[in-house]
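Only one structure is covered here, and it is reproduced in the block below.
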Amino acid sequence: MTKIFVLLSLLFLATSGFVHGSHKKKDHIRLFELKKDDLSIKVTNWGATLVSLILPDKNGVLGDIVLGYDSPKAYTNDSSYFGATVGRVGNRIGGAQFTLNGIHYKLVANEGNNTLHAGPKAFSDVLWTVEKYIKDGDRPRVTFSYHSFDGEGGFPGDLIVSVSYILGKNSLRIVMKAKALNKPTPVNLLNHAYWNLGNHNSGNILDEVVQIFGSQVTLLDDHLIPTGKFASVKGTPYDFLEPHIVGERINQLPKTNGYDINYVLDGAKGKEIKLGAIVVDKKSGRVMKVFTNAPGLQFYTANFVKNEKGKGGFVYQPRSALCLESQAFPDSVNHPNFPSTIVTPQNPYKHVLLLKFSTKIPHSFSQF
């Protein structure tokens with residue numbers, strides 16, 4: 001029965017023109033808007049990308065808190081992964097290689113000798129299929145799908161992937177799923193939105209206050225590849241167990257010009273959704289809470305964004321936003337002690353990222 005299902009799936013994809021992906025057809029790039037109450041988003045089928053998220057500040061003034069571009073087609077030349085769905089394996093893989101079930105796989109290196117976000121042509125650089133689009137109502141949503149072919153980027157097996165953006169009351173839920181059709185394969189999908197709660201064009205995020213519920217980080221070598229060891233955040237600039245201003249200790253990290261580290265989320269057991277982080281912008285009064293069922297959270301402060309012309313002609317610079325990417329641990333395929341990222345036909349993948357917004361600042365942030 002499984003073989004019949006796989007053959008039928010591949011036949012359908014072949015007749016639909018998606019067996020080898022859609023790196024072309026840029027004329028088919030579209031923009032989709034979802035709206036519920038005062039919250040609205042725009043997404044594009046290029047890279048299943050979040051283009052904007054508009055919501056009111058404490059005075060009721062609407063603003064867009066996601067960095068990006070005015071035109072959906074501009075994302076075809078993006079090198080910063082603004083708002084993109086990243087995969088098949090997000091973050092870094094050391095040496096652009098791994099071994100699975102005794103077979104050695106060589107990937108395409110695009111950051112020195114390593115692979116970043118699955119290589120130079122990955123899920124963020126393809127046209128996804130629109131499966132469902134409900135613009136408004138009780139649960140506005142849009143679902144995109146993509147078929148990653150066996151050998152794409154060096155990864156084994158055919159993989160069917162879907163990403164759904166779903167609006168709730170003052171919330172955005174992003175659900176990422178993957179189904180391996182014929183071979184075990186690593187999967188780590190993540191959303192790479194760049195957030196500035198003050199508005200995308202309000203400057204840097206050094207005054208924003210962050211709390212991250214992770215007592216440990218995965219230690220890195222000089223090339224930002226995990227060593228396989230963990231370290232406590234206590235007594236280091238990475239300690240956000242209690243709320244801290246982003247700019248308070250950021251200059252103690254000269255090697256990376258800011259934060260770029262994976263946190264081991266506390267209480268990350270099974271597939272339960274838990275609170276991973278809170279961000280507060282005191283000037284706008286906006287609050288974002290990050291919930292996820294993933295074991296890790298990458299905290300990144302746009303260190304490598306430089307002179308990037310974005311929406312309305314505003315030029316983005318380093319530290320103009322922060323990313324809080326829920327994910328598996330980087331380079332998990334080369335570290336058996338990390339939670340497994342291997343997906344099989346019998347064990348599909350599901351990653352949930354839930355973002356809740358308000359202007360009610362938590363009591364623990366009131367001192368700032």
Side-chain angles (χ1 to χ4, degrees), residues 9 12-13 16 18 21-22 28-37 39-55 66 68 72 75 81-90 117-118 122-148 159-181 187-193 195 271-274 276 288-294 297 323-328 341 343 347-357:
S9 298
F12 168 77
L13 291 163
S16 302
F18 287 95
S22 295
H28 295 171
I29 298 173
R30 297 169 58 196
L31 196 63
F32 302 84
E33 184 176 23
L34 304 178
K35 183 174 176 61
K36 185 174 178 62
D37 303 322
L39 178 65
S40 65
I41 68 169
K42 291 181 181 178
V43 292
T44 175
N45 53 333
W46 183 264
T49 297
L50 178 64
V51 173
S52 69
L53 191 150
I54 297 173
L55 77 170
V66 173
Y75 288 86
Y81 305 93
F82 283 146
T85 296
V86 176
R88 170 177 315 194
V89 177
H117 297 327
F123 291 3
S124 57
D125 299 298
V126 296
L127 195 69
W128 293 56
T129 301
V130 183
E131 298 290 350
K132 180 181 290 187
Y133 178 39
I134 302 174
K135 185 175 182 178
D136 45 29
D138 290 336
R139 283 172 61 83
R141 66 168 57 203
V142 60
T143 298
F144 303 111
S145 68
Y146 177 68
H147 173 246
S148 179
L159 190 74
I160 301 294
V161 183
S162 71
V163 176
S164 297
Y165 291 90
I166 308 165
L167 291 189
K169 183 174 178 58
N170 300 317
S171 70
L172 169 62
R173 183 184 294 266
I174 305 175
V175 181
M176 294 160 269
K177 297 181 180 180
K179 170 74 174 178
L181 294 185
V187 177
N188 180 30
L189 304 177
L190 59 88
N191 178 269
H192 209 299
W195 304 99
K271 298 182 180 180
E272 295 181 1
I273 295 176
K274 68 280 178 184
M288 181 174 74
K289 294 184 177 180
V290 181
F291 297 81
T292 183
N293 65 343
L297 190 76
C323 301
L324 290 164
E325 307 155 49
S326 58
Q327 60 177 6
T341 57
V343 174
N347 295 293
Y349 170 95
K350 183 178 180 181
H351 174 191
V352 178
L353 171 62
L354 173 61
L355 304 164
K356 293 185 177 182
F357 303 94

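Please read all numbers here as calculations on a predicted model, not as lab measurements.
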Expected output: side-chain [X] to main-chain [Y] donor-acceptor under 3.5 Å:
X	Y	answer
T292	S326	no
K35	D37	yes
N45	H28	yes
N191	M176	no

Evaluate the side-chain proximity of F144 to V43: yes if any heavy-atom separation is below 4.5 Å, no if none is. yes

By side-chain contact (heavy atoms from CB on, under 4.5 Å) - contacts of [X] (at least two apart):
X	answer
K42	L31, E33, V51, S52
L355	L172, W195, M288, V290, L353, F357
V343	A180, V187, Y349
K132	I134, R141, T143

Between [atom1] of [X] and [atom2] of [Y], what distance do you get to the nearest 0.5 Å?
X	Y	atom1	atom2	answer
K289	L324	NZ	CG	14.5 Å
K169	L39	NZ	CG	10.5 Å
L34	L53	CG	CG	10.0 Å
K36	D138	NZ	CG	5.5 Å

Between Y75 and W46, what is the shortest heavy-atom contact and its length? O-NE1, 3.5 Å

Ignoring hydrogens, what is the shortest heavy-atom contact between A122 and G87? Give both atom names and the distance. CB-O, 3.1 Å

Just jot down the ring-ring contact (aromatic ring centres under 6.0 Å, His included) partners of Y165, sequence neighbours excluded, or say none. none

Go through the structure and list residues passing ring-ring contact (aromatic ring centres under 6.0 Å, His included) with H351, not counting sequence neighbours. none

